[in-house]
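Below: the structure, in structure tokens.
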Amino acid sequence: METLAREIGIPQEEYRAILKRLGREPNRVELFLFKVMWSEHCAYKNSRPLLKELPKEGEAVLQGPGENAGVVRIGEGWAVAFKIESHNHPSAVEPFQGAATGVGGIIRDIMSMGARPIALLDSLRFGPPEDERSRYLLKGVVSGIAHYGNAIGVPTVGGDLYFHEGYRENPLVNAMCLGLLREEHLKRSRASLGRPIYYAGAKTGRDGIGGAAFASKELSEDKEEDRPAVQVGDPFLGKLLMEATLEAIQEDLVEGVQDMGAAGLTSSLSELAHKSGLGVELDLDRVPTRERGMGPIELLLSESQERMVLVPKEGKERELEEVFRKWGLDCVPVARTIPERVFRVLFRGEVVAEVPTEALAEAPTYVRLAQEDPEVKRLRETPIPPLAADPGETLLQLLASPNLASREAVFERYDHQVGTRTALVPGKGDAAVLWVKGTRLGIAAKVDQNPRYSRLHPRLGAMHALAEASRNVSVVGAKPLAYTDGLNLGSPETPEGYHELQETIAGLKEASEALGLPVVSGNVSLYNESGGRRIPPTAMVGVVGVLEIDKRAEMGFRRPGEVVLLLGEEEGELGASEVLYLLTGQEVGHPPRIDLERERDVQEAIRELIALGLTQTAHDLAEGGLLVALAEMTFPYGLGATVEVRKGGLAALFGEGASRILFTVPKERLAEATLRLETRGLPYRILGETGGKTLTVLTPEGVLEWEVRALLAAWQKPLREVLDG
Amino acid sequence: MKWAIVRFPGSNCDEDARFALEKAGIRAEFVWHTAQDLRGFDGVFLPGGFSYGDYLRAGALAAKSPVMAEVRRFAQEGRYVIGVCNGFQVLTEAGLLPGALLANLNLHFTCKEVGVRVERTDLPFTRLYRQGQVLRLPIAHAEGRYYADPETLKRLEGEGQVVFRYAPLGEEAHYNPNGSLNDIAGIVNERGNVLGMMPHPERAVDPILGGEDGLPLFLGLVQEVAG
Amino acid sequence: MPRYQATLLIELKDGILDPQGRAVEGVLQGLGHPVESVRVGKVLEVVFQAENLLQAEEKAKALGKLLANPVMEVFALEALKELP
Amino acid sequence: MPRYQATLLIELKDGILDPQGRAVEGVLQGLGHPVESVRVGKVLEVVFQAENLLQAEEKAKALGKLLANPVMEVFALEALKELP
Ligand SMILES: Nc1ncnc2c1ncn2[C@@H]1O[C@H](COP(=O)(O)OP(=O)(O)O)[C@@H](O)[C@H]1O
Ligand SMILES: [Mg+2]
């Protein structure tokens with residue numbers, strides 16, 4: 001067994017731990033159970049001790065981390081379940097199916113909480129668009145997300161997308177899903193004693209066997225033939241499964257729900273039992289199969305898609321079966337809960353595995369040596385080279401640069417309205433807004449992260465990610481309630497990699513505390529590196545907030561003659577900025593510092609202005625700084641503006657920084673708005689006025705002027721060419 | 001007034017259709033694709049979505065559902081049938097409307113707001129619009145390129161069966177989002193009681209959702225009955 | 001009863017614009033494989049039982065008729081073989 | 001140079017789930033056409049020039065290789081004919 005353990009990649013010290021917990025040698029099947037359950041993907045061996053530090057409590061929190069998704073209250077008895085999840089490795093192998101099954105998986109997580117999935121966001125990272133393979137991956141991933149999300153009828157309402165050299169070999173594909181539920185319908189992965197456990201949905205085949213373990217290994221150089229079978233998503237079956245499951249919950253037929261994700265039956269059943277403080281006996285002969293001759297290991301580890309596990313309420317077994325029959329789906333009891341706290345597996349009438357559930361669920365954790373990568377430090381401390389460029393040209397070039405260009409070519413492929421809840425579609429606001437029909441409540445959501453900041457300063461980068469996602473939610477008028485984090489990093493087994501993991505989580509912790517935002521769910525994907533090159537530490541942060549639906553702000557100038565104001569500092573910084581990269585090809589310098597108290601105040605202030613109806617147009621300043629943000633505000637309605645700035649240098653026009661927001665106020669309410677800001681002691685400046693068909697900027701060095709149409713054309717073209725070409 | 005909304009496996013705009021019908025004051029009930037009886041309904045709505053995953057061809061498999069025989073009978077009696085998006089595809093696949101909907105020329109799913117011109121206003125569906133009015137309506141489809149052979153097309157145009165046509169909202173030159181022949185966005189049968197259209201009026205019935213240009217279509221149905 | 005496998009081709013009628021074929025053409029050209037034209041259709045491999053080859057052929061054709069849309073498609077029974 | 005038309009079939013590898021085939025199967029069953037299985041793939045009709053049949057075959061196979069996704073698909077050159 002020890003040899004087999006080595007062959008399938010179980011480290012020696014873990015094999016010893018297995019012997020100790022079992023008090024005997026595992027058999028072959030048991031060894032594979034440990035293999036998948038103790039994979040980084042399932043067990044969070046390296047991140048668990050660090051994640052413990054994050055704040056998880058909050059007024060709105062109904063369910064924190066530890067379940068299939070987090071849940072927050074939004075009022076009037078409604079709650080929102082949400083979570084982000086990565087599907088990086090499968091997407092690198094087969095972008096279309098990898099992304100599609102990623103979407104399917106996160107949707108089932110949300111269903112498991114008893115919530116109806118109502119929105120998706122996607123957070124994508126690829127190598128530079130000039131790279132042919134990166135383009136191929138981008139196109140495949142976007143098509144795959146569209147394929148699954150559109151067909152299952154969950155709108156994709158937002159996301160973010162960055163190109164960066166660091167993702168050339170390791171693209172990132174994370175999907176976030178939000179679900180809506182009545183508080184009383186909240187479900188957990190629980191079962192009481194002696195209950196049958198039902199298997200529902202698609203039949204089991206040999207798909208993605210060992211995928212969970214695979215996801216935690218470095219992408220090998222194996223030939224394509226050697227790679228595990230690709231999992232194929234079936235959004236059609238997924239839709240039927242979703243409706244049947246939600247109907248069963250609605251009709252109050254189930255006490256517990258659990259999706260079958262990574263490590264399939266093994267993980268879903270053993271965790272369900274473990275969380276319930278019970279054991280489970282699984283009869284593999286009852287599992288519906290698609291292929292003949294599947295052995296116990298294959299059945300236990302298969303990652304066939306569109307499958308769920310349900311525990312009926314006592315006496316509701318028949319009704320549950322009936323619901324699934326109506327939707328044309330298998331729904332059969334395959335297991336039952338038992339008092340002994342073991343995961344017992346029967347195959348052809350014999351016990352083929354029996355392992356304490358606790359031993360499977362609680363893998364050893366690691367705390368490792370951390371040390372900053374000296375190269376990162378060197379880059380961060382590299383002085384910013386002197387920059388000289390014509391601002392007129394620079395704005396056009398920045399707008400056309402891959403990280404700033406319009407994402408329309410991406411989100412146009414996603415149905416962002418199905419469900420008739422979408423009140424702010426992508427491109428109209430900094431965050432998506434969904435309407436809870438039948439109420440005046442709205443839900444806002446946005447996911448964000450800047451790889452340049454995180455690469456040069458992992459801690460600060462993580463703080464920015466949370467601050468920006470939260471700011472985006474605030475500028476549409478919503479109060480941020482909580483967040484989910486998708487942590488994507490390199491191997492923790494090097495001191496540099498572990499340092500980045502540690503720093504990233506430390507940054508999140510600091511920002512969470514300062515902004516008063518708890519984490520309620522998340523995902524960790526490590527070992528995103530190849531040839532010793534780690535991806536930039538990437539903490540994709542998805543923030544969810546709540547608003548009064550009629551009091552929402554858009555990002556585009558709509559009415560001529562409104563006053564344009566800047567809240568926050570006038571000048572930005574050039575370290576790690578897009579304009580620096582554009583002009584020099586370098587990613588160096590210290591990313592903008594962030595004053596978290598200021599951040600909180602600025603967000604509160606803009607929410608107040610929106611709630612009071614003083615502004616209906618607000619947009620945060622991000623990559624590309626002031627002029628890019630102004631240009632972006634002219635795009636949705638083609639309305640221009642004339643503004644005056646006190647400084648004309650590149651840092652003032654294109655520098656970046658946190659806690660900055662542009663917004664407009666009708667003239668007659670200007671005094672009221674500024675008074676509010678003064679009361680809060682916040683810096684602001686009146687920049688100018690909306691109107692006309694140009695963006696006109698008066699600087700001490702002269703007047704800059706662009707046709708809105710010309711800016712728009714420059715901004716729209718690049719990604720269209722990549723995606724449609 | 002009571003309308004049936006047919007639910008095929010994979011329909012996903014069924015709730016949206018109900019929302020719009022109810023907003024217009026029409027009672028709406030879901031009817032399963034196996035239903036054999038549509039008595040008691042004043043109209044049938046075939047919603048958008050991906051019936052049977054849009055596998056084989058959009059709408060092809062749903063067109064063979066048991067309920068479609070009943071929808072055909074229903075239409076032959078002169079009662080109202082509306083198919084939106086996937087519903088339109090089902091209607092053409094079932095032969096209740098002429099022509100076919102092929103893959104968009106850009107070859108991908110396209111979700112955005114488009115301009116849609118109202119070509120005739122003597123139908124219950126359009127009586128509350130102005131002739132030539134350009135509506136803002138969302139589209140969301142991958143197979144919406146209307147195709148019919150030249151003869152059929154000529155007949156459609158001759159008989160005034162083209163109800164909705166893509167049109168510019170502003171000055172844009174490329175306003176036809178999918179390559180439909182003659183910019184066709186929606187048609188009726190000869191008798192004028194079966195309407196198929198690719199744009200989604202049911203998604204544009206409330207200012208919160210970004211527009212209300214779809215609402216008069218449903219209100220028109222109510223008025224028609226009220227006389 | 002013997003089992004048969006039919007290979008059914010469902011293709012767009014001549015004269016109907018096939019953007020997918022065009023796109024493949026473009027890709028091939030870009031890769032240095034100039035081709036004159038590409039048309040993309042569907043192939044269905046259907047396995048079913050029948051009394052004999054004759055009946056199998058009938059059945060296969062009936063399926064083709066059922067599954068193709070005559071407005072824009074034509075189908076052909078490309079191959080039919082008995083399975084062991 | 002002579003022109004050739006190649007019929008290339010691109011189908012899913014065995015063992016890879018074919019949801020489309022499954023759905024068609026289900027519908028056919030429901031319509032009283034019992035079939036054992038359906039797998040759906042693509043057919044490409046490609047027209048190109050080549051020196052002779054041998055070279056044409058080589059070219060056609062190269063195209064198949066290029067257009068099939070090796071992770072999930074296999075291709076077969078179903079037919080090849082010279083065009084008048
Ligand atoms: N991958 C994506 N999928 C869907 N929508 C996206 C994606 N990337 C960006 N968007 C949308 O494009 C708009 C601009 O996004 P982004 O550039 O991230 O904004 P910001 O700079 O304010 O964070 C938003 O509406 C966002 O939701
Ligand atoms: Mg951003």
Side-chain angles (χ1 to χ4, degrees), chain C residues 1-14 16 18 20-50 55-56 58-68 73-79 81-83, chain D residues 1-14 16 18 20-50 55-56 58-69 73-79 82-83:
Chain C
M1 242 201 287
R3 295 160 65 231
Y4 293 87
Q5 169 163 347
T7 305
L8 286 165
L9 302 188
I10 301 186
E11 302 180 275
L12 280 179
K13 279 184 185 167
D14 278 348
I16 296 197
D18 173 20
Q20 204 182 347
R22 286 280 167 92
V24 175
E25 255 169 67
V27 170
L28 290 177
Q29 239 107 44
L31 292 171
H33 291 262
V35 295
E36 197 180 299
S37 75
V38 181
R39 310 261 307 160
V40 183
K42 278 188 275 266
V43 51
L44 280 79
E45 305 280 3
V46 190
V47 176
F48 57 94
Q49 297 191 337
Q55 202 209 12
E58 244 170 58
K59 281 199 176 185
K61 287 194 173 154
L63 290 177
K65 213 163 157 180
L66 193 67
L67 295 174
E73 293 172 333
V74 287
F75 81 92
L77 177 56
E78 176 73 11
K81 63 167 185 244
E82 192 176 332
L83 293 178
Chain D
M1 241 200 288
R3 294 160 66 233
Y4 293 87
Q5 169 163 348
T7 305
L8 286 165
L9 303 188
I10 300 188
E11 302 180 275
L12 286 175
K13 281 185 186 166
D14 278 349
I16 297 239
D18 174 17
Q20 187 165 208
R22 291 256 151 171
V24 175
E25 231 172 273
V27 170
L28 288 176
Q29 249 125 33
L31 290 173
H33 290 266
V35 294
E36 197 179 300
S37 76
V38 180
R39 309 257 310 159
V40 183
K42 276 191 292 246
V43 50
L44 280 81
E45 305 280 2
V46 191
V47 176
F48 58 95
Q49 297 192 337
Q55 203 209 13
E58 243 170 59
K59 278 201 176 183
K61 287 192 174 156
L63 293 178
K65 211 163 159 180
L66 216 56
L67 293 172
N69 174 352
E73 297 171 332
V74 287
F75 80 93
L77 177 55
E78 176 73 12
E82 193 175 331
L83 293 178

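Throughout, protein chains are lettered first and strands after them, A, B, ... in sequence-line order, and every chain is numbered starting at 1.
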Beyond-backbone contact of D:Val46 with C:Val24, side-chain heavy atoms, under 4.5 angstrom: no
Partner set under side chain to side chain donor-acceptor pair (under 3.5 Å) for C:Gln5, not counting sequence neighbours: C:Glu45
Sub-4.5 Å side-chain heavy-atom contact between C:Leu9 and D:Leu9: yes
Option from C:Gln55, C:Lys59, C:Met1 for which side chain to side chain contact (heavy atoms under 4.5 Å, CB included) with C:Gln49 holds: C:Met1
Side chain, backbone, both or neither of C:Glu25 within contact of chain D (heavy atoms, under 4.5 Å): neither
Proximal component of C:Leu44, with respect to chain D [non-hydrogen, under 4.5 Å]: both
Which atoms of D:Leu8 approach chain C - backbone, side chain, both or neither, heavy atom under 4.5 Å: neither
Contact winner vs chain D - C:Ala6, C:Gly41, C:Gly21, heavy-atom pairs under 4.5 Å: C:Gly41
Donor-acceptor pairs under 3.5 Å, side chain of residues 30-39 of chain D to any protein atom, not counting sequence neighbours: which ones?
unit_1  : atom_1 : unit_2  : atom_2 : d
D:Glu36 : OE1    : C:Arg3  : NE     : 2.8
D:Glu36 : OE2    : C:Arg3  : NE     : 3.4
D:Glu36 : OE2    : C:Arg3  : NH2    : 2.7
D:Arg39 : NH1    : D:Ile16 : O      : 3.1
D:Arg39 : NH2    : D:Lys13 : O      : 2.9
D:Arg39 : NH2    : D:Ile16 : O      : 3.0

C:Leu66, part contacting chain D, at a heavy-atom distance under 4.5 Å: side chain
Region of C:Val27 that comes under 4.5 Å of a non-hydrogen atom in chain D: neither
